[in-house]
Structures are given as C-alpha cells and as structure tokens.
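First the structure, in the form of structure tokens, and then the observations on it.
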Amino acid sequence: MKKRVLILWDETQYMVKAEKLLHQLVTEAGFDDDDYELVKVPMPKGKKYGKREIPQLTAWAAERIETHKCKYVVAMGSNAYQAVTGQTGIKKARGKPVEHGKCILLPMYHPNMVVHDPGNLPILEADFQCLNNVLEFGGIPEERDLDFVIVDTWGKVNQMLRALRGCVSSDLETSRLYPFTTVLDDKIERGIKLTQAEEDQYRATHCEGKKSRSLQSLLPRVISIQFATAFKQWIIPAETAGIWSRRELEQIVEQVTEKLEDCYLVGHNWKFDALWMRVRFGVDWKADFDTMLAHYILDENDNHGLKYLAQKFLGAPDWDVAGDVKTSWSMKNAKYAAHDVYYTRKLRYYFAKQLKCDSEVKKVFDEILMPCVHLFTEAEFDGVYVDQAKFGEAEAYLREEVAKATAELDKWAHPEWAEVDKATGKPTINWGSPKQLARLLFEDLEIEVVERTKTGAPSCSESVLLRIDHEMVGALLKWRAAQKQLSSFIEGWKPYIDLKGYLHPSFKLHGTVTGRLSCEHPNLQQVPRDKRIRSLITAPEGWELIEADLSQIELRIAAELADETAMLEAFRSGVDVHWLTAIREIERGAGYKDEVIDTAYRYDQKKRNYSDAIELLLKIGPDIAAELNEFWKETRKKAKAINFGYLFGMWWKKFKIYARDNYGVHITDEQAQESRKAFFALYGKLPKWHDRQRRFARMNGYVRSLSGRKRRLPEAMNGRDTPDRREAERQAINSPVQSFANELNLMSAIQLRREYPRAQVRLAGTVHDACLVYARKAKVSEVYTRILQIMSSPALLTEFEIDLKVPIEAEAKIGPWGAGVNLEKWLKAQKEAA
DNA sequence: TCGGGGGGCGCG
DNA sequence: AAAGCGCGCCCCCCGA
C-alpha cells in the first residue's frame, strides 16, 4: 500500500532508544504505521560525508523518493537533510516545510537529539505538529488563523478600539533600534549636511551594514503599531506611512492608551516598545506579561527571539522578511507585523502555563522581572547626564597622551623591521595590532616569548609586557591605557549622547545566564573607576547623583549559603572579611613582622608582640591600618581577589599567576598550595557547601538561588568527569551567589521607585550590586538615609519568605560618579557653599 | 564588503 | 586531567 510520508534518517549509536522515541512521536502526532515509511540513509565513510559522496547521495535520495512516490518527505538529522538537498545547515532549515521537486520536504532534528537532552523534546513535537499541518493543508500552509486589519480609516479605528479588551498583545516596528535623537539625527532632521566621517559613524551606529538606506530613513521613527486580540490583528500605519497625520496619530494613540488601561497587555521584550512609545508619543504603556522574559526565566540557556520561540513551541512557520521590509511601511511589513503580535499573544498562554508548574520561578518573574520592565523603561528614558565640559577636557587630555605615547613608540618602527607606509614613505607599526607588535618584540627585537595565547600566537598582554625588560614597555602600556579610554568611553559614547547631553544605556533584563542584567549602547557597567572617566557621569541641574552599593554582598551571600561560621561571625561583628583573610594569611606565614608590629605601635604607642599586634590590626580594620601605613591598602586588595577566587573554585596554580601579575609576588608551588589550604581551613564550611552544590547539580541538572530562580546546568549531569561537567559544577557554586546579589539590588531599586514619585527620585541605572539614583537636591538627605535602609532589608525579602542570618549592609556616596562623598561631607559642603 | 573569531581589557 | 564566575566593546585579521 502506498504511504503518504517518507521519513529519512540515519543509523546512530543509540538506535534502539531513538527508534522507540520516533515511534512514540509519530503515534502521538496521530499517525499510524500505514501512513509512513521509514528509510535509513547510507552512512558516510568517515564522520561526515565527503564532497565526492554528495552527488551519489542526493541521487540515491532522489531515487528513493521517486520509488516511494510519497508527496511528503521528512529528513531527520543533518545527514538525512544533506542526502536530500545536498546542503548542510539543519539548524536553520528545521521545522520549515519547503518544496523539493514534486514533494514537500520537512527537515527536522534527529531523534537522537532528544535522547541526548530530553529538554529538546518540544522541538520535535512542534515539528511533528507542523507535519500534521502540512498534511491537513495539503501543502505548505498559509497562516489561516491570521486575519489582520490595516487600520487606515476612522471606521477601522473604532472597530479596533471596540476589540481592545481582555488579553491584548502589542508590538512596534521601528526604523532602527535606538529611539533617541542624537546630535547627528538632529543635523539630518534640520537638513544640515553630514561630513563623511559623521556619516560613517552614523551608519555604523544605526544601519547594521545596510549601506543603501538613505540617511532620512534612518531617523528614529515608528513604522507601525500593532495589536492582536482574540480573532484579529490590528496594524496601525504610523510615522512614516503617510496615512495618518501627526495629529491624527496622536489622537489614535490617546484613545488606545485609554482602552489599554483595562486590558491585560502582552509584549515580547516590552521594554523596547514601551521606550519607543514614550520617546515618540509620550505615552506610558505598561505590560502585564513579557513573553521574552517569561522564556528567559524558564530557560536562561536558550535563545529568546520571538520567531524562534514561535517555531519551537507553536510550530509556526518562519515569517521573517528582509531587513528593509521591516524598516519602512508596506503591505509586506504589515503582514510581518501581524505575525509578530499574533504569536506573541499565543506564546503568552503557552508560557503562563509553564510558569504555573514552578511557583518559585513564577514568583521571580512576577515580583522582580515584570516590575523591572517598567522600572528600566523609565530609567532608560531619563538616561544619565554627561558633564559636557569635563568630557571635552578628558578627550583633549587623552588625545595628547596617545600622541605622546605614539611618538615615543614610533622610534622603534625601524625601516628594516616595520612595514613602510606607501603614502608617507615612513615605516609604521599599528600599536593596536597584537600581530605587528608580536613581530617587532619577538622576532625583530628577539625578545624571548613569555607566554602563548590559546591559539599558539605569542601573547602581548599586559601581564606579558610587564615581564619583558625593554624600554618601550612603559610607553606601550601608557598608549594602551589612553587609547582604551579614548576609543571606548570618549569616541564610544559620542554616537549615543542626545541633544541635552544624556546617555541612554540599554539594560538587558535577559542579558546573562545568572540573572544579572547586562548593559549596552553604551555599557554603563564597564565604565572605568578612573575618576577621569567615571566622574563624567553626573547629575543635571537641580538633582544629585547618589550611588548606593551593597557592601561585600557576594561574600555575605556565600557565608549565608555555606553557613560559614567564621565568615558569619566576621560580618556580624563588623570585621571586614577581606581584611580577615589578609591578616590570617599573613599570620600563617608569620610575615611582614616589621609592618605588623610597627603599625600596632603607631596606633596607640604601645609595644606588642607579633600575635597581639595581629589581633589589634584585625580589630582596627583596613581603613585605620592604611592611615597608619600605606602598605595595608594593597594587602586588603590582594586578599579580596583571593577571597573571590578561592570562594568560586580557583585552583592554586591560577593563584600563583594572580599573585605574580597583580602584586609582583613570586611564590612557589608549595606556598600557593599552602595558601589555598589555609583559606579553606579558615573557612571550613565552604568546601562542604561546594560539595552540596556539586552533588545537587549532578543529581538534578540545575541549582536555585535563594529567591528560587533556577540556573539549569545540564552538563553537570554528565556521567563522566569531563571539563564541561567541572565547569557546570563551578557555575553551580557561583550562580546562586551572583544571582541573589543582583536580585537584592533589584528588589531595592523596585522598592525605591514605589516609595518616591518620579519628580523626586529616579533610577539612573544599576551596576550588579549598586544602584545609581538621581534625587532632587532638597530630597538628598532623606533619600540617602532611606536607600541605605531599603538596601539592607528590602521589603520583597519578606514577600519571598527569605530570612537571612547574615546582616546586609549598604553604603552610599553623593556627587559625580566615583567622586562622591558621604552625607555628612555633602551637607557640610552644601553649608559652606551657601 | 561583510561577519565572526581572537586578543585584549574595562567592570562587578 | 584540570580546575573562579558573569558581561560588552574596541581593534585587528581573515575568509567567504
């Protein structure tokens, strides 16, 4: 009897399991044995098919398809896919039915993928659902559920307004990703011609390579605003379509805003759309459910793109269109837009159901992630203010530094070594090129190679340069430092500074696997601590910048999780744990006798023996010790790195390298091993906690932070002790700490926003364990005091039923970032100024 | 001409 | 055997 579907796949190592699984999938999808024919493709001679095998293979496949006379062909796995099409790339092709000669081909992953990782099951299920759709439709299905309306008359506006109730999804198409008007946008808008350099920079920032687009079309514009309701999708042509006037558009937006108040609003990466609506229309659309963040909290390891998710979970087709279709108004664009909202709305039901299965994860989503959408929409909208005068000064200074260093370095660009520049006839070396530099140092100058990179090239990193005895090293390091600051933070910021001098860094709530946020355009979280750069970020007129950070928060959380007696005791009694580590380490080796006894003597002019002096140092803490002797400043910094390194699984070999690079201390292997042992002797419960985490991850394939957030670590379940598994185990230790530290910070930011109106207090951004906040001048004292209270015990902790043994402490500074002072000093300065 | 990888380095 | 974690961005370089 003739079968409808031909399934091609290949022989693999877990064939029994795979076959069982396939049978199960096929049955669940509603097929019986008469529906399909299962055929194995010939195995490649080696691991993969060779180039010469391909024509033979495709001929074989074509013949099989011909003899079976099936209209539908399923190719499972890359080999089967290659057999049919001659092409590689199953990852991109899977789940999308295509016409192949006389038949319809549906590529899928091999069932083995699920045998290897059961988490992939939904992908295959969705693909079989897709196969069903294809059979039912009798070809490649159009989206029959899709029913979109172009809202281009007042009649349709009214229809739409009536339909906007219950669960509504929304989405925007925009001309580019960055919504704010920059200096160059303003020039274009006003018809001022850009210089070539300006145009290049502008395109590099906004164009993503598409050189053909006119500058006009790159201005920040909303192309369309769309909604999906139960049965229809409503596409409102917006700023560039020329269908509605500005005034009419604003009128429509206003009426929609009113209706949305009573809707359950769903978005995918809603912060993006909310920000655009705020910037372009001044309205505040709050979402109740973000499908991207829902999927992020459900699987932090996966991608979170809308199309990807719709294909993976809903068996949707690939509705992607070329880039230029998305950035200008057209019917194609409207159809694309309709897909976006349609599937966003569908995904919300799917993910809401998934979230219900894990109430702990759901809580993080509801209480932290969703509130952050609104919080960070506002923060990004406001942005951070850049001191324009100081910015110019810093730029001039850095250019001078780079020029000086370059002049110094160019002495070494001898004609017989360096490439000769054709234009100037002078030998040049690009000091930013590791390759050219390596040639100069290790070939021409015949310096011995110190270290190699993982690809085998001689390394030119700072740590290597410091070990090279050559007079150009100093200039080289100066050049790098100045060049880095200039390119990353001066030139790097320029394209993003808006007309009023603000930067609007974009925070990705889904940016990391641990639950931290990432930040880009520009990245506020990597601004150097060097005051020259950091203090460029400051408060605008009438406001003050307050930076409040959680003190040693990761260490505190580790102490809590490990129930580490000595650490908890130190935190309770106010001893600085980095200091404790440092002093005990010194004591162990009976080192720095002179400094220890001398500093103790300077403190109160009393003579002490070594061990009494040690105890005194421990008591007075690093700050006072540093005042008595500069030496202790370095000591504490060193111990900080030791704490974090050992805490999260650093091995003694790395510690040895660390000590050498950062402190110029050359220790022996034995000393390094001894140091590690001593650390774990001092904090005896840490290894037990490490073991607990490793075991749990190995058993369950995930760990949770105190808030309940999951970090999925499938590699931890590997049967064998592989490097991958080791990595997962270290993450099992680090993740809950990093994750919860960040959550405490976010809980505080959320609460601060709830307690103060925007007219008084605004969040400017977060940096992992710190909040950057703008407060009205008149409110500074109050906010300063309150934020410290909030951070040391945010109300959401109670909501999460978390009761910490370890005390949480915060500290705050007022003033330009990185150059602020405490409240006392600030008040004094205010008084003097008045 | 682009996209991606590598090297290097800024932050927590 | 091999052993801190998490990011983004700059520049160079090379292959498609």
Side-chain angles (χ1 to χ4, degrees), chain A residues 204 207-212 300 430-438 451-465 476-477 480-481 483-493 495-496 505-508 510-530 533-534 549-550 552-555 558 640-655 657-658 676 679 686 690 693-694 711 713 720-739 741-742 745 765-770 817-818:
Chain A
C207 208
E208 288 169 2
K210 299 273 177 306
K211 264 207 133 175
S212 54
E300 73 285 355
N430 181 346
W431 301 106
S433 160
K435 203 179 166 187
Q436 292 179 37
L437 182 61
E451 225 172 71
R452 289 189 179 274
T453 66
K454 62 179 172 189
T455 51
S459 168
C460 301
S461 68
E462 185 171 328
S463 103
V464 166
L465 293 182
L476 206 44
L477 292 177
R480 277 194 185 168
Q483 179 62 30
K484 171 91 184 172
Q485 290 199 349
L486 188 63
S487 62
S488 293
F489 306 104
I490 300 293
E491 290 302 334
W493 285 3
Y496 297 107
S506 177
F507 292 86
K508 267 193 187 153
H510 63 296
T512 74
V513 286
T514 57
R516 272 187 177 181
L517 312 189
S518 71
C519 180
E520 57 188 2
H521 307 144
N523 182 348
L524 192 71
Q525 297 175 328
Q526 63 175 165
V527 176
R529 286 158 66 179
D530 184 340
I533 301 294
R534 191 167 271 208
D549 65 280
L550 294 157
Q552 303 138 38
I553 190 60
E554 293 203 342
L555 223 45
K640 194 171 165 180
I642 299 175
N643 275 334
F644 285 123
Y646 285 152
L647 183 62
F648 296 131
M650 182 175 68
W651 203 240
W652 61 268
K653 270 196 176 172
K654 178 124 182 198
F655 171 68
I657 294 166
Y658 192 90
R676 188 170 186 279
F679 179 87
L686 288 183
H690 286 185
Q693 291 302 103
R694 278 192 277 259
R711 172 81 182 96
L713 298 163
R720 287 183 308 120
D721 184 7
T722 60
D724 278 355
R725 192 175 90 175
R726 288 285 172 157
E727 193 181 337
E729 288 173 357
R730 289 194 300 276
Q731 289 169 340
I733 294 163
N734 175 277
S735 277
V737 177
Q738 207 181 92
S739 178
N742 167 67
N745 197 45
T766 60
V767 188
H768 308 310
D769 61 1
W817 196 19

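Since we're looking at a predicted model, the values are computed, not measured. Throughout, a chain's letter reflects where its sequence line sits, starting with A, and its residues are numbered from 1.
In this structure, A:V513 reaches the sugar-phosphate backbone alone: every heavy-atom distance under 4.0 Å involves primed, P, OP1 or OP2 atoms, never a base. Residue contacts shown for A:R730 are limited to sugar-phosphate atoms, with no base heavy atom under 4.0 Å away. Contacts of A:R720 with the nucleic acid, taken as non-hydrogen atoms under 4.0 Å apart, are absent. Looking at heavy-atom distances under 4.0 Å, A:Q485 makes no contact with the nucleic acid at all. Contact annotation for A:Q731: backbone-only contact, meaning every heavy-atom pair under 4.0 Å involves sugar-phosphate atoms and none involves a base. Residue-level contact check: A:N742 touches neither bases nor backbone, having no heavy atom under 4.0 Å from any strand. A:K653 comes within 4.0 angstrom of nothing in the nucleic acid, heavy atoms only.
In this structure, A:Q693 contributes its side chain and A:A732 its backbone to a donor-acceptor pair below 3.5 Å. At distances below 3.5 Å, at least one donor-acceptor pair connects side-chain atoms of A:N742 with backbone N or O atoms of A:G515. Of the possible donor and acceptor atoms, none in the side chain of A:E729 sits under 3.5 Å from a partner among the backbone N and O of A:R694. Although no hydrogens or angles enter the test, the distance criterion places a donor-acceptor pair under 3.5 Å between the side chain of A:H690 and the main chain of A:L647.
Residues A:A741 and A:E554 approach most closely at CB-CG, 4.2 Å, considering heavy atoms.
Rounded to a whole Å, the CZ atom of A:R452 is 12 Å from the P atom of B:dG8. One atom, CZ of A:F489, and another, P of B:dC9, lie 13 Å apart when rounded to the nearest Å. Look at CZ on A:F507: it is 14 Å from P on B:dG12, rounded to the nearest Å.
Boundaries of the chain A contact region on DNA chain C are C:dA1 to C:dC14, first to last in 5' to 3' order (nucleotide atom under 4.0 Å from a heavy atom).
Scored by the salt bridge (Lys or Arg N to Asp or Glu O under 4.0 Å) test, A:R676 finds no partners at all (sequence neighbours excluded). In this view, A:E462 satisfies the side-chain hydrogen bond (donor to acceptor under 3.5 Å, both in side chains) rule with no residue, not counting sequence neighbours. Residues that satisfy the side-chain hydrogen bond (donor to acceptor under 3.5 Å, both in side chains) test with A:D530, not counting sequence neighbours, are A:Q485. Under the side-chain hydrogen bond (donor to acceptor under 3.5 Å, both in side chains) criterion, A:T453 pairs with A:T455, sequence neighbours left out. Residues forming a ring pair (Phe, Tyr, Trp, His ring centres under 6.0 Å) with A:H768 (at least two apart in sequence, or on another chain): none. Considering only residues two or more places apart in sequence or on other chains, A:D721 meets the salt bridge (Lys or Arg N to Asp or Glu O under 4.0 Å) condition with A:R726. A search for salt bridge (Lys or Arg N to Asp or Glu O under 4.0 Å) contacts involving A:K508 returns A:E520, not counting sequence neighbours. Evaluation of the salt bridge (Lys or Arg N to Asp or Glu O under 4.0 Å) rule for A:E727 yields no partner, not counting sequence neighbours.
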Which atom pairs link the protein and nucleotides 4-7 of chain B when you take only N or O atoms and keep those under 3.5 Å?
from, atom 1, to, atom 2, distance (Å)
B:dG6, O3', A:T455, OG1, 3.4
B:dG7, OP1, A:T453, OG1, 2.5
B:dG7, OP1, A:T455, OG1, 2.2

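Ring geometry for A:F648 against A:F644 counts as parallel: the plane angle stays under 30°, on a 0 to 90° scale with 60° as the upper cut.
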**Report entry** DNA chain C base-pair string [pairs: Watson-Crick or G-U under 3.5 Å; |: paired with another strand]
**Finding:** ....||||||||||||
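In terms of polar N and O atoms assigned as donor or acceptor, the side chain of A:R480 never comes within less than 3.5 Å of the base of B:dG8 in a complementary pairing.
Listed in residue order, the members of residues 520-530 of chain A having a heavy atom less than 4.0 Å from DNA chain B are A:Q525, A:Q526, A:V527, A:P528, A:R529.
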